Amino acid sequence: MTSSHERSNRSPQLSPASARHTPGRLWGWPVALGLLSATGLVSALVSDGWGDTWSWLALGVPLLVVARCVLRR
């Protein structure tokens with residue numbers, strides 16, 4: 001039997017779920033959506049023609065992602 005003092009000195013074990021949450025996996029999609037939004041905003045401000053089309057697509061995709069996440073709850 002171990003005392004409570006010995007139990008508190010043990011190093012915490014990482015669960016398999018927390019080991020999978022690397023910074024790349026955690027921040028990958030938010031960074032990608034942020035870059036997509038930024039390119040869409042710049043494109044909407046400085047270009048015509050294909051730039052307008054790109055801005056609509058680039059600004060619409062993050063809205064679709066948010067709508068999908070809200071509707072899944």
Side-chain angles (χ1 to χ4, degrees):
M1 185 173 235
T2 61
S3 69
S4 62
H5 179 68
E6 288 178 22
R7 276 184 265 146
S8 65
N9 286 338
R10 292 182 187 167
S11 64
Q13 297 292 322
L14 292 176
S15 68
S18 66
R20 288 181 283 171
H21 293 284
T22 62
R25 285 184 61 90
L26 181 65
W27 292 101
W29 279 108
V31 168
L33 290 174
L35 290 173
L36 190 65
S37 297
T39 62
L41 288 170
V42 170
S43 178
L45 290 172
V46 299
S47 63
D48 283 330
W50 66 269
D52 289 336
T53 304
W54 174 250
S55 66
W56 276 96
L57 290 172
L59 294 172
V61 169
L63 290 175
L64 292 174
V65 171
V66 169
R68 181 176 179 241
C69 290
V70 167
L71 292 175
R72 281 181 33 184
R73 288 186 175 202

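Along the sequence shown, residues carry numbers from 1. The shown structure was predicted, so the numbers you read here are calculated from the model rather than taken from an experiment.
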- Message: Other members of the hydrophobic cluster containing W29, with the 4.5 Å side-chain heavy-atom rule, please.
- Response: none
- Excluding sequence neighbours, so at least two apart, what forms side chain to side chain contact (heavy atoms under 4.5 Å, CB included) with V31? W27, L35
- Message: By the side-chain hydrogen bond (donor to acceptor under 3.5 Å, both in side chains) test, which pairs, at least two apart or in different chains, include something from residues 33-49?
- Response: T39-W54, S43-S47
- Could you list who else is in L71's hydrophobic cluster, with ILVMFWY side chains joined at under 4.5 Å, directly or through other members? none
- Item | Nonpolar side-chain network containing L64, other nodes, edges under 4.5 Å | none
- Closest heavy-atom pair, P62 versus L36, reported as atoms and distance to 0.1 Å, is CD-CD2, 4.1 Å
- To which residues is L63 joined in a hydrophobic cluster, defined by side-chain heavy-atom contacts under 4.5 Å among Ile, Leu, Val, Met, Phe, Trp and Tyr, whether direct or through other members? none
- Query: Going by the side-chain hydrogen bond (donor to acceptor under 3.5 Å, both in side chains) test, which pairs reach into residues 60-73, not counting sequence neighbours?
  - Reply: none
